[in-house]
Amino acid sequence: MTYLVVGLDQRTFAPWHENIRADDVATARHMAFTRAASRGIELVVAAVIGPNLAVLTEPADAPARLSRVA
């Protein structure tokens with residue numbers, strides 16, 4: 001499935017969006033963080049949008065941004 005992930009760069013507040021092909025919402029978010037980080041963007045996800053413009057939810061414990069601490 002293709003998801004539209006929208007957010008912003010935490011450092012510059014510049015808008016960010018990209019289409020992500022993934023099996024589920026969590027994977028789409030993770031791929032978005034990875035792609036943005038490879039371009040030097042500290043992504044904060046505002047929404048993951050699926051088919052028919054549905055804004056999709058995730059578990060409440062999913063962070064808006066990935067921590068750098070492993």
Side-chain angles (χ1 to χ4, degrees):
M1 180 171 302
T2 302
Y3 298 94
L4 173 62
V5 180
V6 295
L8 57 89
D9 181 347
Q10 185 175 4
R11 286 180 285 160
T12 65
F13 299 111
W16 185 93
H17 69 279
E18 191 163 317
N19 290 312
I20 307 287
R21 187 173 177 101
D23 292 331
D24 55 50
V25 176
T27 302
R29 280 177 58 106
H30 184 70
M31 291 174 67
F33 285 120
T34 302
R35 288 184 189 179
S38 72
R39 297 177 187 135
I41 296 169
E42 284 189 42
L43 181 63
V44 176
V45 172
V48 179
I49 303 167
N52 300 319
L53 301 175
V55 176
L56 305 172
T57 60
E58 297 186 68
D61 61 349
R65 67 185 188 96
L66 290 181
S67 172
R68 290 187 179 178
V69 179

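Along the sequence shown, residues are numbered consecutively beginning with 1. Keep in mind that this is a model prediction, so the values were computed, not measured.
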Not counting sequence neighbours, which residues clear side chain to side chain donor-acceptor pair (under 3.5 Å) with [X]? List them please.
{"X": "Arg21", "result": "none"}
{"X": "Thr2", "result": "none"}
{"X": "Thr12", "result": "Asp9"}

message: If the condition is side-chain contact (heavy atoms from CB on, under 4.5 Å), which residues does Ala32 pass it with, not counting sequence neighbours?
response: Val5, Trp16, Ile20, Leu43
Atom of Ala28, atom of Ala22 and distance for their closest heavy-atom approach: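 Taking every non-hydrogen atom into account, N-CB, 3.7 Å.
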task: Would you name the heavy atoms of Asp24 and Tyr3 that are closest together and state the gap between them?
output: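 In this case the closest contact between Asp24 and Tyr3 is CA-OH, 3.5 Å.
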- prompt: At what distance, to the nearest 0.5 angstrom, does CD1 of Ile49 lie from NE2 of His17?
  reply: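 One finds 10.0 Å between CD1 of Ile49 and NE2 of His17.
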